[in-house]
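Remember, it's 1-based here, ligands and their atoms both numbered in the order they're listed. Computed from a predicted structure; not experimentally measured. Index from 1, following the sequence.
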Amino acid sequence: MSWTPPPVLVTRRLPQEALDRIAARCDMTLYDGEGAMPRDQLLAQVAGKAGAITLLTDRVDEEFLQAAGPRLKVVANYAVGFDNIDVQACTRHGVLACNTPEVLTETTADTAFALMMAAARRVAEGDRFLRSGAAWIWGPLMMLGQDVHHATVGIVGFGRIGQALARRAHGFSMRVLYHDMYRPPAEVEHELGAEYRDLEDLLRESDFVSLHTSLTPQTRHLINAARLALMKPTAVLVNTSRGPVIDEQALARALQQGQIFAAGLDVFEREPQVHPALLACDNAVLIPHLGSATVTTRLAMADLAAGNLLAALEDRRPPALLNPQAREHGTSGGEAAELPHPRQPS
Ligand code: DGY
């Protein structure tokens with residue numbers, strides 16, 4: 001019998017090297033539109049596919065899995081975060097769900113540190129000011145910010161990226177506090193010089209708070225009005241995780257009222273929309289979800305996503321598999337009892 005390449009869907013243009021790798025072994029359908037693939041096209045195009053490379057803008061849920069049909073073996077997300085994927089539903093359908101951990105850790109930690117620096121030292125505001133053409137002369141009280149060096153950083157979510165931020169903080173002689181549902185082994189705390197705090201104490205004590213938690217029902221609006229009120233008026237809040245972890249309305253109010261000094265945000269509650277009240281805050285540094293956006297890292301993510309897809313299609317274990325139990329369910333779509341939800345890595 002002659003070999004026919006498995007049909008796969010790629011929902012957005014990826015670095016060419018990865019597309020070539022996929023196209024060499026699969027019958028690839030690529031959505032080449034400018035934005036995210038429209039839902040109706042996604043559901044129509046995934047029908048009958050054996051695999052899909054999805055983005056954080058594609059919802060992989062029961063409807064998607066039903067639309068795909070029983071041939072679907074793997075969904076390889078081009079992101080470390082997988083709050084767009086219903087992993088339990090994938091498992092029930094015998095579909096392997098994969099993500100791209102590790103390859104973006106350092107780059108995303110760099111972004112978080114850049115936002116800390118930019119927000120504390122008013123970099124974007126200064127740039128806007130100069131471009132406005134306003135008259136200025138050096139002055140002792142002009143655009144004063146907050147020091148980063150020797151300050152205390154509170155890291156919420158102490159997974160890979162949170163820990164990478166802690167390493168950077170030591171280079172600036174910072175004190176490192178952290179909060180996470182999962183305490184790392186004592187050696188890790190020791191190596192990173194990080195002290196555990198409950199969330200409220202961390203917010204009270206920190207000069208910088210950087211969010212690295214995944215988005216789950218428990219972390220939605222983790223940073224709300226009441227928690228913002230615990231922060232210092234000189235504090236800076238940074239988010240490179242997922243937008244809905246912060247109540248943006250409450251944050252905009254805290255920034256307007258000087259309840260905190262500044263914020264640096266890479267992610268937003270209703271991406272790609274940005275809350276108009278945040279756009280109006282000069283003390284908010286806002287960037288369009290660029291956490292992992294370097295040439296090298298995006299290439300590494302594409303390579304890992306392609307590796308996940310191809311491994312699953314060739315009946316090998318994908319390097320970054322979220323639901324190993326799905327392998328036991330085959331691709332027949334057999335119903336399983338409620339399965340444990342994997343921890344969303346950050
Ligand atoms: C992720 O990988 O989850 C980021 O948000 C995009 O790099």
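Among all protein heavy atoms, the one lying closest to atom 6 (C) of ligand 1 is Ser292 OG, 3.7 Å. The protein non-hydrogen atom at the shortest distance from atom 2 (O) of ligand 1 is Val80 N, 2.7 Å.
Each of the following atoms of ligand 1 lies closer than 4.0 Å to a heavy atom of Arg242: 1 (C), 3 (O), 4 (C), 5 (O). Per-residue contacts place Ala79 under 4.0 angstrom from the following atoms of ligand 1 (heavy atoms of the residue considered): 1 (C), 2 (O), 3 (O). Counting atoms of ligand 1 from 1 in the listed order, those under 4.0 Å from a heavy atom of His289 are 4 (C), 5 (O), 6 (C). Set against the non-hydrogen atoms of Met301, the atoms of ligand 1 under 4.0 Å away are 7 (O).
No N or O atom of Leu56 sits closer than 3.5 Å to an N or O atom of ligand 1.
How far CG of Leu9 is from OG1 of Thr11: 6.5 Å, rounded to the nearest 0.5 Å.
By the criterion of a heavy-atom distance under 4.0 Å, the side chain of Leu104, and not its backbone, is placed next to ligand 1.
With 3.5 Å as the limit, one finds no donor-acceptor pair spanning the side chains of His275 and Glu269. Residues His93 and Thr91 have side chains that never bring a donor and an acceptor to within less than 3.5 angstrom of each other. A donor-acceptor contact under 3.5 angstrom links the side chains of Glu189 and Tyr178, judged on distance only. For the residue pair Asp266 and Thr111, no side-chain donor N or O sits within less than 3.5 Å of a side-chain acceptor on the partner.
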Practice prompt. Show the numbers, then the answer: is there a ring-ring contact (aromatic ring centres under 6.0 Å, His included) between Tyr196 and Phe158?
Written response: CA-CA 10 Å; Tyr196 176 83; Phe158 209 49; 9.7 Å; no
